[in-house]
Amino acid sequence: MKALFRILMICAAIALIGFMFFNTPKENEPLEGPNANSNIIPQTQLKQEPVAGAMTRPQTGISTLVGKGVQTVLEQYGEPARKEPSSFGYQWWVYNTDVATFFMVGIENNVVTQVYIAGPEIDAAPFKVGQKRDEIYRMTIIDYEVTVTMDDSIFIFSMSEEDMQTRLLVKFDGLYAQLYIDRETSELQGIRYTNSETLVLHQPYEMSYQGELVRRTPPSSFLQQEIDVASGKQLDDLLNVTRIHHALPPLEREESLEEVAKMHSEDMKVQNFLGHDSPTYGDLKKRLQAQNIDYSEANENLATAYFDAIEAMHGWTNSPEHRKVLLNDQYTSVGSGVFVNYYTQIYLEPTSQKLDSDKQDTEELEKNEPTSP
């Protein structure tokens, strides 16, 4: 009996050690976006680029919505799934009913200011989601510098070597396209068509300017809360679009995870740190335990200095360590939380007990469903 007791005690100790080590959430370094180091440089004299430097504006496809009224959007695509505020004054209309046709429309004063396309079945002429970078270079006029003229002001955006590979800016007549390219596959993963005012407002690249600098009006604290919630939902949408593009199942949104993620983003902003370990609430494991969230494996991606959820998701996708996390096929749940320009996304694989419980609940529902005569 004593020998059996010792064996049981040893097994229990091994199980406890295994739980402590293997149930520990994995972590990677937080990601700082290009806006953290982008310079905005006033100049006394800039050379204006000739109009011939721009490509002919597309006559077909969804980019033709830019500059048109909301009625045109409604006539062609109907009501969006969501209407959400942004930090720049425009409203996002989100069309997410199908990953193959996922897109978002920016609306300000009832006029389209931009469109973002991630669905391969949307006509994004002259580009297409999934298109190879080499093909884009062959068919497109691309330069390190792109000039935007607004009234008497001139703005010159300068792309880095990194931008030239993964985040191109292309100029058309009165229209601009940001091309988000997947570094690993060299495929176009998203396209943002925008007017000049919105591009200058976003300041997505290093910028020199002459004249009057366009500045956004900071939102009220109440509106900022709504913007943060909207950005979190957009992160969830963009994550699942990315996963399905890579033949992975989408993740289910979990409200409890959303709360943990939101609290951590706010904590990073308020306490002025960027990392997984909170001075107040501890690491991810402690933060999940505090909310009584069970799991067999967990991880989170962090980012800051991106001007919106589209840019943040593109940054994670092109960072090898963050990419491994968001494309991990073990995870089934996700929770995203945003506070101003701090982004947190938590991924979870449930415990085997929860999986068994969910399976049992499903079987019970199927058993109790009325049968057709």
Side-chain angles (χ1 to χ4, degrees), residues 23-36 84-87 92 219 221 224-243 250-295 297-328 330-350:
N23 202 46
T24 300
K26 297 178 181 178
E27 295 180 351
N28 48 32
E29 290 298 316
L31 194 64
E32 280 197 89
N35 292 66
E84 300 171 332
S86 77
S87 298
W92 276 121
S221 57
Q224 186 63 58
Q225 291 178 21
E226 294 186 343
I227 294 168
D228 294 341
V229 171
S231 296
K233 291 179 179 178
Q234 291 165 22
L235 278 182
D236 290 338
D237 284 339
L238 294 165
L239 166 70
N240 282 333
V241 168
T242 303
R243 285 178 63 89
L251 303 187
E252 291 290 332
R253 287 183 62 214
E254 290 283 350
E255 289 186 12
S256 57
L257 290 181
E258 302 267 324
E259 187 62 28
V260 176
K262 181 181 177 182
M263 287 174 61
H264 190 61
S265 289
E266 182 173 359
D267 191 33
M268 287 191 292
K269 174 68 174 178
V270 172
Q271 299 205 60
N272 192 29
F273 76 97
L274 181 62
H276 299 277
D277 292 339
S278 164
T280 305
Y281 304 106
D283 61 11
L284 178 57
K285 181 176 182 178
K286 290 180 180 178
R287 289 183 273 122
L288 292 173
Q289 287 177 339
Q291 299 297 320
N292 298 315
I293 298 174
D294 295 325
Y295 61 91
E297 185 174 329
N299 209 330
E300 69 182 346
N301 279 340
L302 305 178
T304 190
Y306 289 96
F307 67 80
D308 67 6
I310 294 169
E311 292 270 329
M313 182 55 64
H314 177 66
W316 282 336
T317 304
N318 273 338
S319 167
E321 291 303 315
H322 299 83
R323 182 189 185 91
K324 287 178 186 177
V325 176
L326 63 90
L327 295 182
N328 189 320
Q330 289 181 286
Y331 300 129
T332 60
S333 304
V334 66
S336 301
V338 178
F339 191 81
V340 189
N341 66 338
Y342 283 80
Y343 301 84
T344 301
Q345 193 165 62
I346 301 175
Y347 317 83
L348 213 67
E349 179 187 2

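As the structure is a computational prediction, the values presented were derived from the model and not from experiment.
For Glu266, the side chain to side chain donor-acceptor pair (under 3.5 Å) test picks out no residue, with sequence neighbours left out. Take Tyr281 and apply the ring-ring contact (aromatic ring centres under 6.0 Å, His included) test, not counting sequence neighbours, and it matches no residue. His314 meets the side chain to side chain donor-acceptor pair (under 3.5 Å) test with Gln189, Asn318; sequence neighbours excluded.
The residues Lys324 and Glu321 are annotated as salt-bridged, a charged nitrogen and a carboxylate oxygen being separated by less than 4.0 angstrom.
At distances below 3.5 Å, at least one donor-acceptor pair connects side-chain atoms of His276 with backbone N or O atoms of Asn28. A donor-acceptor contact shorter than 3.5 Å is absent between the side chain of Asn240 and the backbone of Arg243. Not one N or O on the side chain of Trp316 forms a donor-acceptor pair closer than 3.5 Å with the backbone of Glu311.
Between atom OH of residue Tyr343 and atom CD of residue Gln234 there is a gap of 9.0 Å, rounded to the nearest 0.5 Å.
When all heavy atoms are compared, the tightest approach of Glu258 to Gly335 is OE2-CA, 3.4 Å. Listed here is the closest heavy atom pair of Pro85 and Ala230: O-CB, 4.1 Å. Closest approach of Ser86 and Ile227 over heavy atoms only: O-CD1, 3.1 Å.
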Thr280 and Gln271: side-chain hydrogen bond (donor to acceptor under 3.5 Å, both in side chains), yes or no, with the steps? CA-CA 9 Å; Thr280 305; Gln271 299 205 60; 2.8 Å; yes

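Side-chain atoms of Glu300 and Gln345 form no donor-acceptor pair, as typed in the model, at a separation below 3.5 Å.
Of the listed residues (Asn328, Asn299, Asn301), just one forms a side chain to side chain donor-acceptor pair (under 3.5 Å) with Tyr347, and that residue is Asn301.
Counting heavy atoms of neighbouring residues, nucleotides and ligands inside a 6.0 Å radius, atom CD of Glu84 exceeds 12 of them.
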